[in-house]
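Notes to accompany the following structure.
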Amino acid sequence: QVRLVESGGGLVQAGDSLRLSCAASGRNFNNYVMGWFRRAPGEGREFVGVTSWSGDAANYADSVKGRFTISRDNAKSTIYLQMVNPKAEDTAVYYCAAAETSVLVFSESLYDYWGRGTRVTVSS
């Protein structure tokens, strides 16, 4: 069992930066691929990015590529989502998720554990 708690959301101006955190508790955090997803108002949940066990590999949705970066600190059982130059369309509730696999998976159905989300509002 893995428990995930996101933090760091809030109101940010377009063009500023924001860092989200996701703290994990439970066993074997290093064995989980970790992803970020988001749900904009009135929309379904969409993939944002994913990082490997070690943090040395990652993939991102085209909409955030070059602006968002995922990192992880396995010693702290925490992953991060650094958001640079956010746009109004990045406004959403952001969720982290854990998948017990070695593959960088994009589909939410392949993730085993989810946090409750943290809200990000980007004002223009």
Report yes or no: does [X] contribute a side-chain atom to a donor-acceptor pair with the main-chain N or O of [Y] at less than 3.5 Å?
X      : Y     : result
Thr121 : Leu11 : no
Trp114 : Ala97 : no
Ser52  : Ala57 : yes
Thr78  : Lys76 : yes
Glu108 : Phe47 : no
Glu6   : Cys96 : yes
Tyr111 : Val33 : no

Please give me the minimum heavy-atom distance between [X] and [Y], naming the atom from each residue.
X      : Y      : answer
Tyr60  : Thr69  : OH-CA, 3.4 Å
Thr118 : Gly8   : OG1-N, 4.2 Å
Ala14  : Ser124 : CB-CA, 4.2 Å
Ser17  : Val84  : CB-CA, 4.3 Å

Before we go on, tell me: are the rings of Phe68 and Trp36 under 6.0 Å apart, centre to centre?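 No.
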Passes side-chain contact (heavy atoms from CB on, under 4.5 Å), Arg67 versus Asp90? Steps please. CA-CA 11 Å; Arg67 299 188 298 118; Asp90 295 319; 2.7 Å; yes
Distance from [X] atom [atom1] to [Y] atom [atom2], nearest 0.5 Å?
X      : Y      : atom1 : atom2 : answer
Met34  : Ser77  : CE    : OG    : 9.5 Å
Asp73  : Ile79  : CG    : CD1   : 11.5 Å
Leu110 : Leu104 : CG    : CG    : 12.0 Å
Thr51  : Asp56  : OG1   : CG    : 7.5 Å
Leu81  : Phe37  : CG    : CZ    : 12.0 Å
Leu4   : Arg116 : CG    : CZ    : 12.5 Å

Using the rule given for salt bridge (Lys or Arg N to Asp or Glu O under 4.0 Å), can you reason through Arg38 versus Glu46, listing the C-alpha separation, both sets of side-chain angles and the distance that settles it, and then say yes or no? CA-CA 5 Å; Arg38 67 186 182 186; Glu46 67 169 353; 2.6 Å; yes
Full working for side-chain contact (heavy atoms from CB on, under 4.5 Å) between Phe29 and Val2: CA-CA 8 Å; Phe29 173 75; Val2 174; 5.5 Å; no
Same cluster for Val12 and Val64 if Ile/Leu/Val/Met/Phe/Trp/Tyr side chains link at under 4.5 Å?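 Both belong to a single hydrophobic cluster.
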In terms of hydrophobic clustering (I, L, V, M, F, W, Y; side-chain heavy atoms under 4.5 Å; direct or indirect links), are Leu20 and Tyr80 co-clustered?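 Each belongs to a different hydrophobic cluster.
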Residues Asn74, Arg72; criterion side-chain contact (heavy atoms from CB on, under 4.5 Å); working and verdict: CA-CA 6 Å; Asn74 285 342; Arg72 70 189 288 166; 2.8 Å; yes
Looking at Lys65 and Asp62, does any basic side-chain N land under 4.0 Å from a carboxylate oxygen?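 Asp62 and Lys65: salt-bridged.
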Ring-plane angle category for Tyr113 and Tyr32, please: parallel below 30°, perpendicular beyond 60°, tilted otherwise.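 Plane angle over 60°, so perpendicular.
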Indicate yes or no: at least one non-hydrogen side-chain atom of Cys22 is less than 4.5 angstrom from one of Tyr94.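 Contact flag for Cys22/Tyr94 side chains = no.
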Under the side-chain contact (heavy atoms from CB on, under 4.5 Å) criterion, do Val48 and Tyr95 qualify, and how do the steps go? CA-CA 9 Å; Val48 173; Tyr95 302 88; over 6 Å; no
